2 protein chains.
Amino acid sequence: MEQLNSTSEEKILKAAKDVFMKYGLYGARMQDIADTAGINKALLHYYFRSKEKLFDKIFENALHKYFERINVFSDSSLPVIDQVFKYVENSIDFYAEYPKISMFIIKEIEINPELFHKKVQVIKKGKSIKMIEALEKAMAKGEIKKIDTAMFFINLQSLCSYPFIAKPIFKHSLKANDKDYDKDFSTGKLKRSVKNFVESSLSKK
Amino acid sequence: MEQLNSTSEEKILKAAKDVFMKYGLYGARMQDIADTAGINKALLHYYFRSKEKLFDKIFENALHKYFERINVFSDSSLPVIDQVFKYVENSIDFYAEYPKISMFIIKEIEINPELFHKKVQVIKKGKSIKMIEALEKAMAKGEIKKIDTAMFFINLQSLCSYPFIAKPIFKHSLKANDKDYDKDFSTGKLKRSVKNFVESSLSKK
DNA sequence: GTCTATACTCGGATAGAC
DNA sequence: GTCTATCCGAGTATAGAC
C-alpha cells in the first residue's frame with residue numbers, strides 16, 4: 001500500500017501506524033512495517049533508530065488525536081443538549097475514520113502504563129473533561145435532569161466507540177456479510193440511536 | 001502467581017490465558033508464560049507441543065465463554081423487558097469478571113479472521129441471537145416500541161462491555177485514582193444506567 | 001537517502017538427564 | 001513429569017557500498 005506522492009518518512013509513519021495498531025509493540029515486526037511502506041528495513045533505522053522510538057512516535061500521535069477528540073466541547077450559546085448532539089456526531093465521524101485508535105491506546109496502556117501516564121500528562125496538563133463541566137453547570141441551572149455526569153460520559157463513549165471496535169464480532173454475530181453490515185450499520189443510524197439516548201438521559205420531560 | 005493446588009497443565013492454561021490476552025499471539029513470549037506459571041519452558045512444549053497449539057486452546061476457550069454469554073436468553077414467561085434487564089445484569093457481571101475477553105477476541109480476529117470463522121462455525125452452528133428473536137416477536141405483538149433490534153443489540157453490548165475494556169483510559173480521563181474509579185464505577189451504577197437505556201428504548205410510554 | 005549483506009540477540013523448539 | 005542445556009530460525013540493528 002505504498003503511497004506514491006509522499007516521502008519515505010511519511011510512508012514509514014503510515015505503515016508503522018497500521019502495523020503497530022494491528023499487532024502492538026511486541027507483536028509488530030520491522031520487516032512487516034518495511035514491506036507495508038514499500039521500502040527497505042534498514043531505512044526504518046535510518047529514520048527512527050529503533051523499533052521503540054518509532055513506536056513511541058506512533059503512540060504519541062494516537063494519544064494526541066484521541067484526547068483532542070475526547071475533550072473538544074465548544075462553548076457556544078447553544079443549549080447543552082444540542083452541544084452534546086454535536087459532540088456525538090463528531091465522535092462517530094471520528095471513530096468511523098479511526099476505528100482502532102481507542103483499542104490501540106487501551107492495549108498499550110495495559111502493557112506500559114508508565115509511558116502512558118507520562119505522555120498523557122504532557123498532553124492534558126491536568127485539564128478535566130469539558131463536556132462534563134458543561135453538563136454540571138447546566139444541571140446546576142436546572143436545564144437538564146439530575147444525572148451522574150461521569151457515568152453519562154462513560155455511556156456516551158461506549159455507544160460511540162464500541163460499535164467500531166467490535167465490528168468484526170458484530171459482523172459475524174448478526175450473520176451479515178461485509179456489505180450488509182456496512183449498509184445496515186450506517187453511521188447515520190448509530191447517530192440517531194445515540195442521540196435518542198442523550199435525549200432520554202438529559203431532557204427533563 | 002503460581003497456583004499451588006493445581007496441576008502443571010492447569011497452571012499453564014491459566015498463565016497462557018493471562019499472557020496471550022495481554023500481548024496477543026505474536027506479542028506473547030513462551031518464557032513469559034512459563035515464568036507466570038512458575039514452571040519451565042520445556043514443559044509448555046511437553047503439554048502443548050507448540051505456541052500455536054497452546055494459543056488455539058486459549059482462544060477456543062475464550063470464544064466458547066463469550067458466545068455462551070452473548071447468546072443466553074431464557075424463554076421464561078417474563079415480559080421481554082424484564083428478560084432484557086436480566087440479560088444486562090448477567091452481562092455486566094460477566095464482563096466485570098472477564099473484562100478483557102471481548103478485546104482479546106476482537107484483536108485476534110483482526111489478525112486471523114479465518115481461524116475465527118472456522119471456530120465460530122463449530123460453536124454457533126448458524127444459530128442467530130436469541131435476544132433479537134425474542135424482541136422481534138414482542139415487537140410483532142406490540143409489546144414494545146418499534147425499533148431496529150440489531151442496533152439496539154449493538155448499543156446494549158456497547159454499554160455493557162466498553163466500560164470494562166476502556167477502564168484504563170476512563171480511570172485517567174476522569175482523573176480518579178484506582179480506588180476512586182472502582183468505587184465510583186460500581187457495577188451497580190452501570191446496571192442502573194443501562195437499564196434506563198433499555199427502559200426508554202423499549203417501553204411504549 | 002537508499003540499498004545489500006551481515007552481525008548479533010531473542011525466542012521457539014528439542015534432546016537428554018533425572 | 002520436570003529440569004538443564006542447546007540448537008536454530010526469526011527479528012532487530014548496524015556496516016558499508018552506491
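Note on naming: letters A, B, ... go to the chains in the order of the sequence lines (proteins, then strands), and numbering restarts at 1 for each one. These numbers come from a predicted model, not from an experiment.
Formation of a donor-acceptor pair under 3.5 Å by the A:Lys107 side chain with backbone atoms of A:Met21 is not found in this model.
Counting only heavy atoms from C-beta outward, the side chains of A:Lys167 and A:Tyr162 never approach each other to under 4.5 Å. Between B:Leu174 and A:Phe153, some side-chain heavy-atom pair lies under the 4.5 Å cut-off.
Salt-bridge formation is not detected for the pair B:Asp35/B:Lys41: no Lys NZ or Arg NE/NH1/NH2 atom is positioned less than 4.0 Å from an Asp or Glu carboxylate oxygen. The residues B:Lys130 and B:Asp75 are annotated as not salt-bridged, no charged nitrogen and carboxylate oxygen being separated by less than 4.0 angstrom. Salt-bridge annotation for B:Lys119 and B:Glu60: present, with a side-chain N of the basic residue lying under 4.0 Å from a carboxylate O of the acidic one.
Taking atom CD1 on A:Ile39 and atom P on C:dT4, their separation rounds to 11 Å, with Å as the unit. Separating the CZ atom of A:Phe48 from the P atom of C:dG1 is a distance of 12 Å, rounded to the nearest angstrom. Across the protein-nucleic acid pair, B:Asp35 atom CG and D:dC3 atom P stand 12 Å apart, rounded to whole Å.
With C:dA13, D:dA13, C:dT14 as the choices, the nucleotide that has an atom nearest any side-chain atom of B:Ser50 turns out to be C:dA13. Side-chain proximity of B:Glu52 to C:dA13, D:dA13, D:dG1: nearest is C:dA13. The side chain of B:His45 lies closest to C:dT14, out of C:dT14, C:dG1, D:dT14. The side chain of A:Asn40 lies closest to C:dC3 when the candidates are D:dA13, D:dC3, C:dC3. Listed candidates were C:dG1, C:dG12, D:dT4. Nearest to the side chain of B:Ala42 is D:dT4.
Near-neighbour residues of DNA chain C inside residues 25-34 of chain B, defined by a heavy atom below 4.0 Å, number-ordered: B:Ala28, B:Arg29, B:Met30, B:Gln31.
Within the 4.0 angstrom heavy-atom criterion, only backbone atoms of the sugar-phosphate kind lie near B:Tyr47; the bases stay farther away.
With hydrogens and angles ignored, no donor-acceptor pair closer than 3.5 Å exists between the side chain of A:Lys51 and the base of D:dG11.
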